[in-house]
Amino acid sequence: MTKKILMIVGDFVEDYEVMVPFQALQAMGFEVDAICPDKKAGEQVATAIHDFEAHQTYLERPGHNFTLNANFDSVKTGDYAALVVPGGRAPEYLRLNEKVLDIVRSFSDRPIAAICHGPQLLAAAGVLEGKKVSAYPACSPEVKMAGGEYVEIDLDDAICDGNLITAPAWPAHPRWLRLLAKQLA
């Protein structure tokens with residue numbers, strides 16, 4: 001039986017952080033359902049491309065549209081082996097949706113992989129207490145306020161603490177996805 005993975009996205013999710021894991025996990029043989037509050041399968045979310053240039057923070061450009069393949073309102077979290085939370089600007093407002101927070105909390109005993117700004121959503125859901133967490137550095141105060149231990153690592157690295165797999169940005173995809181696949185093995 002193919003293991004199913006749930007991915008929570010929203011408008012202006014980071015382009016690479018939704019597209020690459022969605023396709024890579026499918027290529028590894030997993031079934032990935034991407035959902036967004038107030039949207040249905042076949043509808044799209046806008047993405048943003050975050051890049052690192054000679055500025056004090058990342059640069060944001062319009063990305064591609066990403067097509068959802070599952071309905072938010074009919075998701076049954078018990079059907080999924082893991083949760084993936086991409087970054088970008090989406091976690092900033094998704095964390096205001098109580099149903100999204102309930103979905104995140106329901107994965108407390110299963111792998112949760114979050115990247116970049118994804119830990120903002122995990123912090124709001126209260127699932128970082130006592131965990132070592134990486135994230136985009138601008139999210140470190142939220143990780144700490146949520147009781148997590150922020151770990152500064154290279155942009156192309158990822159860490160695993162129990163069921164939680166985190167990374168600071170999309171350059172970490174190879175390691176981050178490898179750690180998630182290992183948790184699901």
Side-chain angles (χ1 to χ4, degrees), residues 1-50 60-128 135-136 139 142 146 163-167 169-170 173 176-177 179-181 183-185:
M1 185 173 169
T2 302
K3 289 187 179 177
K4 291 177 68 174
I5 297 172
L6 184 63
M7 181 181 278
I8 298 178
V9 302
D11 282 321
F12 300 104
V13 62
E14 208 290 326
D15 190 276
Y16 297 152
E17 292 171 6
V18 68
M19 301 279 191
V20 172
F22 183 77
Q23 294 174 342
L25 291 165
Q26 289 176 331
M28 288 184 230
F30 299 106
E31 184 179 330
V32 183
D33 285 351
I35 61 169
C36 176
D38 303 320
K39 296 196 181 203
K40 295 182 172 90
E43 295 182 329
Q44 297 182 324
V45 293
T47 73
I49 296 171
H50 293 158
E60 185 172 84
R61 295 184 176 103
H64 303 87
N65 287 330
F66 177 79
T67 303
L68 304 166
N69 66 344
N71 297 325
F72 181 84
D73 289 330
S74 60
V75 80
K76 293 181 177 94
T77 60
D79 294 345
Y80 297 93
L83 175 67
V84 173
V85 183
R89 290 192 359 242
E92 169 186 307
Y93 68 85
L94 289 173
R95 64 187 169 170
L96 303 176
N97 184 309
E98 196 58 42
K99 186 168 180 186
V100 169
L101 297 178
D102 287 341
I103 289 170
V104 172
R105 290 180 195 115
S106 75
F107 281 88
S108 64
D109 60 343
R110 290 169 279 167
I112 299 173
I115 192 165
C116 197
H117 287 73
Q120 287 181 313
L121 185 51
L122 306 184
V127 299
L128 297 182
Y136 189 71
C139 299
E142 289 166 271
N163 68 317
L164 185 62
I165 303 111
T166 55
W170 57 259
H173 278 154
W176 181 66
L177 290 169
L179 289 172
L180 175 57
Q183 285 269 326
L184 291 167

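Everything numeric in this text was worked out from a predicted model, so none of it was measured.
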Exercise. For Glu14 and Cys116, what are the C-alpha separation, side-chain angles and deciding distance, and is it a side-chain contact (heavy atoms from CB on, under 4.5 Å)?
Worked result: CA-CA 9 Å; Glu14 208 290 326; Cys116 197; 5.7 Å; no
Exercise. Trp176 and Val84: side-chain contact (heavy atoms from CB on, under 4.5 Å), yes or no, with the steps?
Worked result: CA-CA 11 Å; Trp176 181 66; Val84 173; 3.7 Å; yes
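Atom CG of Asp109 sits in a crowded spot, with more than 12 heavy atoms from other residues, nucleotides or ligands closer than 6.0 Å.
Side-chain contact between Gln120 and Glu92 is present, with heavy atoms from C-beta onward closer than 4.5 Å. Counting heavy atoms from C-beta outward, Lys99 and Phe72 have side chains that approach closer than 4.5 Å. Contact of the Val18 side chain with the Val45 side chain is not registered, since no non-hydrogen atoms from C-beta on lie closer than 4.5 Å. At least one side-chain heavy atom of Leu177 sits under 4.5 Å from a side-chain heavy atom of Met28. Side-chain atoms of Leu180 and Leu25, non-hydrogen and from C-beta on, do get closer than 4.5 Å to each other. Residues Tyr16 and Ile115 fail the side-chain proximity criterion, which asks for heavy atoms closer than 4.5 Å.
Atom CG in Leu122 sits 10.0 Å away from atom CG in Leu101 (nearest 0.5 Å). The CG atom of Leu128 sits 6.5 Å away from atom CG of Leu164, with the distance rounded to the nearest 0.5 Å. Here the straight-line distance linking atom CG of Asn163 with atom CD of Gln183 works out to 7.0 Å at 0.5 Å rounding. Rounded to the nearest 0.5 angstrom, Leu94 CG and Leu121 CG are separated by 6.0 Å. Interatomic distance, CD1 of Ile35 versus CD of Glu43, reported as 13.5 Å (0.5 Å rounding).
Side-chain atoms of Glu31 never come within 3.5 Å of backbone atoms of Thr2 as a donor-acceptor pair (strictly under, hydrogens ignored). Panel note: side chain Asp33, backbone Leu6; no donor-acceptor pair is recorded below 3.5 Å. At least one donor-acceptor pair closer than 3.5 Å links the side chain of Thr47 to the backbone N or O of His64. Between the side chain of Asn71 and the backbone N or O of Ser74, no donor-acceptor pair lies under 3.5 Å. Listed for the Trp170 side chain is a donor-acceptor partner under 3.5 Å among the backbone atoms of His50. A donor-acceptor pair under 3.5 Å links the side-chain atoms of Arg105 to the main chain of Ala125, judged by distance alone.
Relative ring orientation between Tyr80 and Phe107 is described as tilted, the plane-to-plane angle lying within the 30° to 60° band.
At a threshold of 4.0 Å, the pair Asp11-Lys39 counts as salt-bridged, since one of the basic side-chain nitrogens sits closer than that to a carboxylate oxygen.
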